[in-house]
Amino acid sequence: MRRPGFIIGLLGAAAAAAIALSLFTGPASVSFRQVLAALTGWASPGSSADTTERIVLSLRLPRALLGFLVGGALSSSGVAFQALLRNPLADPYILGVSAGAAVGALAAALLLPGDAFLPLPFCAFLGAALAASAVFLLARRRSGVSRERLILMGVIVGAFLNALIMLMVALAPPGRIPGAVYWLMGDLGLGTPRRVGVLLPYVAAGTALLFLLSRGLDLMLLGDDAAFQAGLPVEKVKAATYVTASLLAGCVVAVSGLIGFVGLIVPHGARVLVGSGHRRLVPAAFLLGATFLVLADIAARSVSPSGELPVGAVTALSGAPFFLYLLRREGGKT
Amino acid sequence: MSAPVLSAKGVRFRYREKEVLSGVDLEVGAGEVAVLLGPNGVGKSTLLKIFSGLLAPRSGEVALMGRPPASYGRREMARLLSVVSQELPVEFPMSVEEYVALGRFPHQGFFGGTVAEDREHRDRALAMTGLAGLRLRGLGEISAGERQRAAVARAVCQGAKVMLLDEPTAFLDIYHRVAFYEIVARLKEECGISALVASHDLSLCAEYGERIFLLSAGRVMASGRPEEVLIPENVRDAYGVGVTCDRNPATGAVRVTPLRSGGTT
């Protein structure tokens with residue numbers, strides 16, 4: 001906890017290194033010089049330069065950048081949900097964003113005509129936003145939104161949406177939904193330069209907003225009454241945090257599917273590094289999550305020689321033991 | 001007494017069907033340490049929540065520095081009034097220092113950074129409550145008495161002249177109780193702070209409180225100096241327990257000693 005600025009700088013360097021590493025990972029081997037040439041556009045007009053350039057610039061770089069944005073966004077959204085709900089077990093999916101996105105994605109796969117894979121991210125985002133709004137409005141009372149009601153309504157709306165998912169899967173004509181199911185497992189393969197370009201402003205704006213809310217998030221840890229008495233307009237901050245964190249999660253889920261565990265675990269890891277103050281925690285969690293997901297994606301691509309694993313499986317596989325370790329460590333302290 | 005910093009006139013409040021406060025009148029003067037006594041469930045916490053603006057009275061008037069709580073902006077009010085209660089965040093690791101520094105919020109811009117003045121206030125609050133040596137420890141790693149002092153330090157750091165304390169010593173041993181009231185007394189002497197303390201600690205309140213309000217059945221049944229209020233009849237009427245009241249030979253303050261149920265008063 002000594003030098004948070006230094007640690008955040010280190011995390012930034014780690015994220016950059018992970019992105020660089022991912023440019024070299026894949027079935028085609030690419031030399032350092034070729035990558036450099038592709039990145040700087042100095043590719044000498046030769047035989048293989050065009051292919052490597054295409055591999056690096058159109059496939060690997062967008063995928064790495066997508067991993068960076070998704071991992072970072074899920075982690076800072078997780079930080080916000082944990083502060084909002086004052087619950088270390090909260091994550092970006094806890095209040096229905098994931099189930100809503102899944103319903104949206106399946107509906108797109110089922111109802112939209114033939115080769116309509118393109119609108120899937122849009123429908124998934126719409127589903128996530130609708131589910132999140134429903135949870136918020138249902139939890140709302142005249143006196144404000146309580147954490148307990150938010151969690152309760154999140155569970156109820158989530159259960160309802162999960163029933164819809166099962167219904168859709170059961171009733172779907174064969175061959176209609178494999179793409180959507182693969183999407184549900186979490187996949188960074190959808191990273192195209194265009195998608196990364198579309199996602200970037202949303203992730204940047206959402207994370208910046210959470211960073212600006214960081215003082216409010218600090219005070220939210222005191223509980224509603226104490227935060228109010230300490231001068232915080234609690235209900236406004238809650239609403240702003242909820243909307244921002246939900247939309248942030250919804251955006252990335254729409255593009256990458258449901259990548260679990262990142263938004264739950266990375267905030268805890270970042271707290272160990274820089275403490276609970278959100279001014280440091282939001283950027284640190286973003287960079288840590290970005291690094292983690294880019295590395296997980298590298299692992300997913302290189303573990304199996306015959307193909308790639310869903311990155312969501314890798315995050316959960318490597319995340320669960322880490323989380324257990326963290327919990328045991330915490331348990332030893334108190 | 002100069003203009004009161006806190007005042008309640010005919011304050012009534014009910015939770016659904018149950019009326020808790022049925023016409024409470026009280027005033028706390030500038031620089032005064034006042035104590036709110038009364039049995040469990042009599043509405044002490046409710047009254048403090050009304051003063052801090054968390055709850056609105058059903059009827060009657062409350063005022064902080066002459067104005068109703070609802071008329072203040074959140075941060076404006078937090079610069080005038082701070083609250084110490086028992087809830088502390090231990091779900092997440094937070095150092096004593098970070099926790100105390102949260103008190104500076106009403107003086108900082110929402111989006112602004114921390115400046116040297118904020119750190120000075122934080123350090124002074126830590127020193128005043130004897131927590132300077134524990135500043136880097138986690139809130140989960142210190143004792144209950146130290147945590148309660150940290151809550152006071154956060155209130156001190158908030159820099160408000162009026163403090164509400166809601167049963168601050170409820171879970172503390174005798175050493176930490178005395179230490180706690182010593183801090184409150186010092187805050188009054190050195191910073192001119194006025195305090196309204198809700199408590200069950202009859203004897204310590206008699207020692208440190210200048211004025212006592214005894215709540216019973218939704219009203220202030222007795223108020224005044226400790227020796228005026230803490231008499232066996234009042235205590236029996238409010239709490240339903242027989243006591244004997246004498247003077248502490250060392251300090252001269254009223255001493256309240258409960259009697260076994262067979263005892264006479």
Side-chain angles (χ1 to χ4, degrees), chain A residues 1-2 4 79 82-90 142-144 147 208-237 240 267-281 326 329-334, chain B residues 45 48-49 51-56 69 72-95 97-114 118 136-142 151 154-155 157-160 163-164 166:
Chain A
M1 251 184 238
R2 272 326 97 75
V79 164
Q82 289 178 358
L84 173 71
L85 299 174
R86 243 183 128 195
N87 187 337
L89 293 176
R142 223 165 27 142
S143 55
R147 300 181 159 86
L209 226 79
L210 289 181
F211 178 73
L212 289 177
L213 284 167
S214 56
R215 249 189 231 300
L217 297 178
D218 287 345
L219 282 154
M220 298 278 284
L221 297 184
L222 301 176
D224 285 5
D225 287 3
F228 178 90
Q229 289 161 338
L232 190 73
V234 174
E235 292 304 324
K236 284 182 198 158
V237 172
H268 292 284
R271 264 189 212 100
V272 171
L273 292 175
V274 299
S276 287
H278 287 86
R279 267 174 176 258
R280 302 159 183 173
L281 189 53
L326 210 73
R329 202 168 149 269
E330 291 280 309
K333 222 183 337 184
T334 46
Chain B
S45 296
L48 294 189
K49 283 181 179 172
F51 275 125
S52 72
L54 275 174
L55 299 173
Y72 288 101
R74 289 288 352 116
R75 296 203 296 163
E76 183 187 15
M77 181 149 161
R79 287 193 289 265
L80 300 174
L81 177 88
S82 58
V83 182
V84 177
S85 58
Q86 287 166 19
E87 57 173 336
L88 278 189
V90 284
E91 287 94 342
F92 295 101
M94 189 186 286
S95 69
E97 179 181 272
E98 284 176 307
Y99 171 72
V100 172
L102 291 180
R104 290 302 292 166
F105 175 72
H107 304 272
Q108 294 164 324
F110 200 102
F111 306 122
T114 305
D118 296 325
L136 294 178
R137 298 278 286 281
L139 281 181
E141 304 167 333
I142 59 178
R154 183 170 67 82
C157 192
Q158 200 170 318
M163 222 179 252
L164 301 176
D166 192 2

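Reminder, nothing fancy here: chain letters follow the sequence lines and each chain counts from 1.
What you find for A:Ser276 and B:Phe92 is that their closest heavy atoms are OG-CB, 3.9 Å. A:Ala226 and B:Arg154 get closest at one heavy-atom pair: CB-NH2, 4.1 Å. The two atoms that bring B:Leu102 and A:Asp218 nearest to each other are CD2-CB, 3.6 Å, heavy atoms only. The minimum heavy-atom distance between B:Gln158 and A:Gln229, with the atom names listed, is NE2-O, 3.4 Å. Considering every non-hydrogen atom in both B:Pro106 and A:Ala230, the closest pair reads CD-O, 3.5 Å.
The CZ atom of B:Arg74 sits 10.5 Å away from atom NZ of A:Lys236, with the distance rounded to the nearest 0.5 Å.
At a 4.5 Å heavy-atom cutoff, B:Leu164 makes no contact with chain A through either its backbone or its side chain.
Scanning for salt bridge (charged side-chain N to carboxylate O under 4.0 Å, His left out) contacts around B:Asp118 gives B:Arg104, with sequence neighbours left out. In this view, A:Arg147 and A:Asp224 satisfy the salt bridge (charged side-chain N to carboxylate O under 4.0 Å, His left out) rule, not counting sequence neighbours.
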Please test A:Asp225 against B:Lys49 for side-chain contact (heavy atoms from CB on, under 4.5 Å), starting from the C-alpha separation and ending with a verdict.
CA-CA 9 Å; A:Asp225 287 3; B:Lys49 283 181 179 172; 3.8 Å; yes
